[in-house]
Every structure is written in C-alpha cells, then in structure tokens.
Visitor: 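First the structure, which I've put down as structure tokens, then a few questions once you've had a look.
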Protein chains: 2
Amino acid sequence: MTTPARLASAAALIADPARAAMLQALMAGEALTAGELARSAGIAPSTASAHLAALTDGGLVAVHAQGRHRWFRIASEDVAAILESLMGLAEATRPARRWPHGEALHAARTCWDHLAGRLGVALHEGLVSRGVLRPAPGGWETTAAGDALLERLGVDLDAARRARRFACDCMDWSERRPHLGGGLARAICTLYLARGWVRRQPGEGLARRLVAPTPEGSRVLREAFGVRLDAEAA
Amino acid sequence: MTTPARLASAAALIADPARAAMLQALMAGEALTAGELARSAGIAPSTASAHLAALTDGGLVAVHAQGRHRWFRIASEDVAAILESLMGLAEATRPARRWPHGEALHAARTCWDHLAGRLGVALHEGLVSRGVLRPAPGGWETTAAGDALLERLGVDLDAARRARRFACDCMDWSERRPHLGGGLARAICTLYLARGWVRRQPGEGLARRLVAPTPEGSRVLREAFGVRLDAEAA
DNA sequence: TCTTCATTTCCGGCGGCGGCGAAGCACCGC
DNA sequence: GCGGTGCTTCGCCGCCGCCGGAAATGAAGA
C-alpha cells in the first residue's frame with residue numbers, strides 16, 4: 001500500500017459520522033460498552049459492532065472484554081491528541097455555527113484523561129509561569145519546588161511518572177494553543193475529580209466531556225497556580 | 001449540523017486517496033498548480049479540480065490565481081501540523097511495512113515550511129539545551145544569547161516574528177516527539193536551504209519533502225547547536 | 001481577433017461503504 | 001440446564017462519492 005493511501009485510510013476511520021460520534025463519546029476518558037456506543041451514535045448494535053471492529057483494527061480504540069460486555073476506550077494519548085487537533089480543523093472552517101454546549105466546552109472539558117479548554121490552557125500556563133514545570137527534551141519536567149507543590153496538593157507523581165510520557169503538549173482545538181497532556185496531566189485531572197475541585201456534567205456523547213470547577217476548585221486553582229477563570233458560562 | 005458530523009466531514013477531506021496524495025505533495029511547502037497536483041495524484045484534471053474545490057472550501061488549502069494557472073498551497077501551519085500528526089496514526093497502525101523513501105523520510109524531511117524527522121527533532125532539542133529557546137505561553141521564545149547566535153548564523157528573525165506564531169511544537173509523526181514549528185522554524189529552514197546546508201532531493205509527490213544535510217550543513221548543526229546526526233541512510 | 005492551453009462544469013456510470021434485521025454465539029443468573 | 005442478554009456474523013439493499021470524457025470558460029500570446 002502506498003503512503004497517500006495509508007494517510008487516507010487512517011483519516012477514513014474518523015470520517016464516518018457514526019464512528020466520529022463514538023470517538024467523541026470516548027474522549028470523555030471513560031471506557032464504554034459496545035451497546036452504549038451504539039445508542040450514543042444512534043445506530044443499530046450490528047452496525048456499531050462493525051464500526052468498532054474497524055476502529056480497533058486501525059488502532060484508534062482498545063478493547064477489554066469482561067464477561068458478556070466489551071469495554072472500549074481511546075487507545076492512547078497520541079490518538080486523543082490527534083482527535084483533539086482535528087476538532088480544531090472542524091472548528092476553523094465554520095467558526096460561526098454554535099452547537100449545544102459550545103461555550104461550556106470551550107470553558108472547560110476533558111481531553112481523554114486530562115483537562116482542556118480555557119481551564120486546561122490556563123493551568124498549563126500557570127504551571128510554567130509558577131516554575132512548577134521546565135522544558136525538557138520531548139516535553140516538560142518538574143522542578144524540585146514543583147514536585148513539592150504538587151505533592152502537597154496530593155498529586156500522585158509516582159503514577160504520573162509511570163506513563164509513557166510524563167508531560168507533553170496537546171493542541172487545544174478551541175483555544176488553538178497547547179494544554180498539558182501526559183501522565184502528569186492525567187494525575188492532576190484525577191485528583192481534581194476525586195477532590196470535587198471540578199465536577200463532570202451529566203449527559204451522553206459529547207456532553208460527557210463537560211466539566212465545571214466548583215467554588216472550592218476555583219480557589220485552589222487561583223492560590224496554587226495563579227489561574228483565574230472568568231466566571232461567565234453559556 | 002451536529003458536532004460529530006463536523007468532525008467526520010473534516011476528516012473526510014483527508015480520507016480520499018487522491019486528496020491525500022495532493023496534500024502530501026503540498027506538504028513540501030511549495031505551491032503547485034492544479035495540473036501538477038492532478039498528475040501527482042494520478043487522476044484526470046477534471047477530477048482533481050473537484051477535489052481541490054473541496055479542499056479549498058474546507059480550509060485545508062489556499063489558492064492564488066495567477067493568469068491561467070491556479071497555485072495551491074497548505075492553508076496554514078495548523079493544517080500542516082494536523083496532517084503531520086495524522087501520518088503518525090497511519091504509521092502506528094502498520095509499523096512494519098516499508099514504503100519508498102521510508103528511511104530517508106524518517107531521517108530528514110520538511111513539514112510544510114520547516115524541518116522535521118530526526119533532523120528536526122534533534123534541532124529542536126539542540127535549541128533548547130543550548131539555551132537559545134525558553135518556554136513561553138503557547139510555545140517558545142528566544143533568549144538574548146539565542147537571538148545573538150541566530151543572527152550570527154543569518155536567521156531572519158524579523159520575518160520570523162511576523163508569523164502568527166513565533167515558535168511552537170509540531171508533533172513529528174516518525175519520531176513521535178515534537179519538532180519546532182512557527183515563524184522561527186520557517187526562517188531557519190529557509191536559511192538552511194539558501195545556504196546549501198540542507199538540499200532538497202529530486203522527485204514528485206511525497207519525495208518532494210525529502211531533504212539531506214550536506215557536509216557543510218552537518219558541521220554547522222554540530223557546532224552551532226550540538227546536533228550530531230548518525231550518517232546512515234536508506 | 002484567433003489560437004492555445006490550464007482549468008472548470010456538467011454528465012452518466014459505477015464501485016464501495018454504511019445501513020438494518022435475522023440468526024448464531026458467548027456469557028450470566030436463576 | 002435454561003432463558004435472557006450483549007455482541008457478532010451474514011446477507012442484502014440503497015445511496016453517496018469518485019471517476020473520466022466532452023464541452024464551456026477565461027486568460028495569454030501571436
């Protein structure tokens with residue numbers, strides 16, 4: 001197979017509305033069953049099964065069979081980053097059109113397993129400008145002072161370091177600037193959800209990705225990293 | 001139109017082999033005419049015309065009409081970065097398969113208007129570890145010492161600063177680590193080609209993206225940035 | 001003005017892919 | 001063991017999108 005054909009077939013996996021809907025739902029970071037994904041995309045289970053086989057075969061999603069359920073999730077942070085940047089392309093072509101949750105998604109959402117949107121970008125900037133992170137080959141590393149601050153907050157740095165990448169940039173489609181990805185970003189997001197500093201919104205499909213900082217969360221963001229979020233929402 | 005459909009239609013623009021081939025050819029950074037792109041993709045001019053209209057309409061390529069020719073180029077560095085990362089997805093799914101110029105493309109190529117591959121990644125690392133660049137919100141900025149070094153080499157920093165982004169990360173599909181993008185990366189690439197420090201290889205389509213450092217270029221890379229390239233090639 | 005050439009528009013044809021339902025398979029609980 | 005449930009396989013249908021050729025358009029050159 002020649003190279004252009006391979007680029008095309010990789011894109012073709014995302015180019016179907018039903019598959020795109022399933023990928024969007026999975027971008028919330030949680031694993032979902034085949035049935036849930038079929039409902040979320042509005043197609044018959046048999047059709048969804050074929051789509052999921054294609055996505056798995058193409059390396060976009062990973063499966064975990066458990067009993068009579070099959071749980072699907074985004075295969076890797078690389079895949080998540082690619083989907084995130086492709087949404088930027090979709091956004092750029094028709095910037096005027098507003099969709100449900102549009103403004104809320106811009107404000108704060110998850111990107112697979114970490115925080116994105118204005119919240120994610122501001123957090124990234126705060127971590128750098130406060131000297132928690134400094135650049136390293138292929139991404140970022142923590143300073144000694146940064147380690148101390150993160151551990152005081154309760155971030156699981158050991159888990160973060162076990163990831164394939166510790167901290168790297170992930171292009172944010174709504175802000176068109178990078179937010180933080182990698183193991184550290186996941187650990188921070190996990191902590192924020194566990195402590196109730198940000199809360200997931202109810203919903204299905206794309207709405208699964210919505211989060212909102214609680215008052216307590218806003219205070220932590222401001223005091224620890226100097227992140228100030230304007231209070232308006234959709 | 002709902003969001004999954006928009007993600008899908010953005011991906012669909014890349015999901016056709018003929019369009020993918022044209023985009024690959026344009027990723028060399030130069031503008032090409034509709035006829036050249038038709039030949040490069042192996043399709044009739046009429047078919048190519050329809051494809052190019054779709055790509056233009058979708059914001060992936062930009063047109064410049066001059067006389068009876070129409071010159072097409074990649075629309076922006078964002079688009080180039082997305083195509084580059086999608087190639088990583090194509091690469092990841094079938095890593096074993098080798099294509100023409102495979103190893104040479106991994107070693108050194110252009111990504112739209114800047115350097116990529118092992119050369120591009122090593123250059124990025126060299127710039128950071130030598131203290132030429134330091135992190136800034138949304139990307140990188142030069143240090144005072146860095147400015148002096150780059151100007152001594154002949155890099156057009158004024159032109160670089162006029163770009164929408166001065167210096168940012170661009171995910172390298174073959175190395176799976178970022179190389180440098182933005183105005184600075186373009187200025188450096190332009191200088192290297194003008195001075196004959198790297199040379200384009202002859203060819204068409206994907207091969208347009210191939211470059212190779214000359215002996216003089218290897219010396220400059222080593223002395224200025226500490227970049228040492230292993231000499232093997234395909 | 002007439003010719004030439006790059007590009008576009010229109011058209012008919014066709015292949016491929018997504019869609020569903022029915023049947024088959026695997027696993028769980030009773 | 002037996003029904004219920006989640007998922008997959010199979011077969012078939014309909015439609016969308018890609019294709020090239022012929023004719024039209026528009027700009028360059030003689």
Side-chain angles (χ1 to χ4, degrees), chain A residues 1-2 4-26 30-58 60-73 93 204, chain B residues 1-2 4-26 30-58 60-73 93 204:
Chain A
M1 198 190 305
T2 71
R6 284 178 48 185
L7 172 59
S9 61
L13 287 174
I14 314 170
D16 177 82
R19 283 195 295 265
M22 298 198 234
L23 290 170
Q24 295 259 20
L26 290 171
E30 295 159 16
L32 299 172
T33 68
E36 285 172 316
L37 287 167
R39 244 173 299 125
S40 153
I43 54 177
S46 59
T47 310
S49 179
H51 283 315
L52 288 167
L55 289 174
T56 306
D57 190 52
L60 284 172
V61 304
V63 209
H64 172 67
Q66 189 183 27
R68 51 184 171 186
H69 292 280
R70 295 187 75 200
W71 297 89
F72 293 85
R73 58 177 177 80
T93 59
E204 173 151 325
Chain B
M1 198 189 303
T2 72
R6 284 181 47 190
L7 172 60
S9 60
L13 287 174
I14 313 171
D16 177 82
R19 283 195 294 265
M22 299 198 230
L23 290 170
Q24 294 259 22
L26 290 171
E30 295 157 18
L32 299 172
T33 67
E36 285 172 316
L37 288 166
R39 242 172 302 125
S40 153
I43 54 176
S46 60
T47 309
S49 178
H51 284 313
L52 289 167
L55 290 174
T56 307
D57 191 53
L60 284 173
V61 304
V63 209
H64 172 68
Q66 188 183 27
R68 52 185 171 185
H69 291 281
R70 297 188 73 200
W71 297 88
F72 293 86
R73 59 177 176 79
T93 59
E204 171 150 328

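Bear in mind that the values here come from a model prediction, so they are computed numbers and not experimental data. Order of the sequence lines sets the chain letters (A, B, ...), proteins ahead of strands, with each chain counted from 1.
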Visitor: Any idea which of D/dC19, D/dT9, C/dG19 is nearest the A/Ile43 side chain?
Guide: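 Ranking D/dC19, D/dT9, C/dG19 by closest atom to the A/Ile43 side chain puts C/dG19 first.
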Visitor: Between C/dG18 and A/Thr47, is there an OP1 or OP2 to side-chain N/O distance shorter than 4.0 Å?
Guide: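 Result: no.
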Visitor: Rounded to whole Å, please give me the gap between CG in A/Leu32 and C1' in D/dG6.
Guide: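 Result: 15 Å.
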Visitor: If we only count heavy atoms from C-beta on, is the A/Leu13 to A/Asp57 side-chain gap below 4.5 Å?
Guide: no
Visitor: Quick check: does any side chain N or O of A/Arg19 sit under 3.5 Å from a backbone N or O of B/Ala8, one acting as donor and the other as acceptor?
Guide: no
Visitor: Over how many whole Å does the gap from B/Asp16 atom CG to D/dC16 atom P extend?
Guide: 17 Å
Visitor: Does a side-chain N or O from B/Arg70 land closer than 4.0 Å to OP1 or OP2 of C/dT8, or not?
Guide: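 Yes, B/Arg70 has a side-chain N/O under 4.0 Å of OP1/OP2 on C/dT8.
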Visitor: Roughly, in whole Å, what's the span from CD1 in B/Ile14 to P in D/dC18?
Guide: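 One finds 14 Å between P of D/dC18 and CD1 of B/Ile14, rounded.
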Visitor: Compare every heavy atom of B/Pro17 with every heavy atom of A/Pro4, then report the nearest pair and how far apart it is.
Guide: CB-O, 4.1 Å
Visitor: State whether the distance check finds a donor on one side and an acceptor on the other, under 3.5 Å, for side chain B/Arg68 versus base C/dC5.
Guide: yes
Visitor: Can you measure A/Arg39 atom CZ to D/dC7 atom P for me and round it to whole angstrom units?
Guide: 9 Å
Visitor: Hey, which of these two, A/Pro45 or A/Gly67, hits DNA chain C nearer its 5' end, going by closest nucleotide?
Guide: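 So the residue in question is A/Pro45.
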Visitor: Whole Å only: how far is the CD atom of B/Gln66 from the C1' atom of D/dG26?
Guide: 15 Å
Visitor: Roughly how far, to the nearest 0.5 Å, is CG of A/Leu52 from CG of A/Leu32?
Guide: 10.0 Å
Visitor: Using heavy-atom distances to pick each residue's nearest nucleotide on DNA chain C, tell me which of B/Glu36 and A/Ala44 is more 5'.
Guide: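 That would be B/Glu36.
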Visitor: Could you check B/Ala48 against A/Trp71 and say which one's nearest nucleotide on DNA chain D is further toward the 5' end?
Guide: A/Trp71
Visitor: Select one nucleotide: of C/dT9, C/dG19, D/dC7, the one nearest the side-chain heavy atoms of A/Thr33.
Guide: D/dC7
Visitor: For B/His51 and D/dG17, is the shortest distance between a side-chain N/O and OP1 or OP2 below 4.0 Å?
Guide: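 No, because none of the side-chain N or O atoms of B/His51 sits under 4.0 Å from OP1 or OP2 of D/dG17.
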Visitor: Which atoms form the tightest heavy-atom contact between B/Arg39 and B/Glu204, and what is the distance?
Guide: C-OE2, 4.1 Å
Visitor: What is the distance from CG of A/Leu52 to P of D/dT8, rounded to the nearest Å?
Guide: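 Those two atoms, CG and P, are 7 Å apart.
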Visitor: With a cut-off of less than 4.0 Å, is there a side-chain N or O of B/His69 near OP1 or OP2 of D/dA28?
Guide: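 No, because none of the side-chain N or O atoms of B/His69 sits under 4.0 Å from OP1 or OP2 of D/dA28.
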